[in-house]
Amino acid sequence: MPSQTWLVKSEPSTYSYADLERDGKTVWDGVRNFTARGHLKEMQVGDQVFFYHSQEGKAVVAIAEVAKEAFPDKSDETGRFVAVELKPVRSLKQPVTLEDMKANPALAELKMIRQGRLSVSPVTADEWKAILRMAGE
DNA sequence: GCCAACGTTGGC
DNA sequence: GCCAACGTTGGC
């Protein structure tokens with residue numbers, strides 16, 4: 001499988017892209033949803049990940065990269081969930097808002113739009129390019 | 001701050 | 001194994 005692309009959500013008040021840049025890398029844990037867990041397990045080192053700010057901002061603001069593949073989430077007492085490690089790549093030239101993404105027919109099938117509450121979702125190669133273009137890149 | 005959507009849990 | 005109740009997420 002060639003490298004895939006993904007989108008993760010985070011509330012900036014909890015953990016923003018600026019926090020990731022400051023930290024250099026972070027353990028992406030706390031995911032408690034089986035669909036999202038499945039995606040975490042599929043991630044491979046080097047996969048590119050859009051970093052989306054939910055609630056405040058509601059926009060894709062940056063690109064991160066998978067630094068470590070799925071391992072048991074230590075914050076999960078049941079032992080059922082996994083975490084990955086992410087590191088920052090770069091901020092987008094301009095954030096791409098949810099509103100803009102919804103308005104773009106090329107992104108009508110985007111998983112995070114179709115299933116709003118999913119915190120980790122796949123992004124196709126075409127969707128990736130479309131979002132980069134909207135970011136002015 | 002509210003509420004709709006939806007995933008998970010637990011009783012039966 | 002079904003389904004109602006509950007909790008959480010996230011857009012508005």
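Lettering of chains follows the sequences in order, A, B, ..., and the numbering in each one begins at 1. Not measured: the values here are computed from a predicted model.
- Side-chain atoms of Glu137(A) and Arg90(A), non-hydrogen and from C-beta on, do get closer than 4.5 Å to each other.
- Val123(A) and Val89(A) fall within the same hydrophobic cluster, defined by Ile, Leu, Val, Met, Phe, Trp and Tyr side-chain heavy atoms under 4.5 Å apart, directly or through other members.
- Annotation: proximity of residues 30-39 of chain A to DNA chain B (heavy atom, distance under 4.0 Å) is found for Asn33(A), Phe34(A), numbered in ascending order.
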Could you give me the CA-CA distance, side-chain angles and deciding distance for Arg32(A) and Ser75(A), then say whether side chain to side chain contact (heavy atoms under 4.5 Å, CB included) is met?
CA-CA 10 Å; Arg32(A) 296 291 180 269; Ser75(A) 73; 3.0 Å; yes

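- At the heavy-atom level, Arg80(A) lies under 4.0 Å from the strands shown only through sugar-phosphate atoms.
- Phe51(A) pairs by the ring pair (Phe, Tyr, Trp, His ring centres under 6.0 Å) definition with Tyr17(A), Trp28(A), His53(A), not counting sequence neighbours.
- In summary, Glu85(A) and Lys25(A) engage in a salt bridge, as defined by a charged side-chain N under 4.0 Å from a carboxylate O.
- Going from atom CZ of Arg37(A) over to atom CZ of Arg80(A) covers 8.0 Å, rounded to the nearest 0.5 Å.
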Does the protein touch nucleotides 6-12 of chain C at the base, only the backbone, or not at all? Give it as B, S and - per nucleotide, heavy atoms under 4.0 Å.
-BBBBBS

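- No side-chain heavy atom of Glu109(A) sits under 4.5 Å from any side-chain heavy atom of Thr124(A).
- Residues Leu118(A) and Lys111(A) approach most closely at CD2-CG, 4.0 Å, considering heavy atoms.
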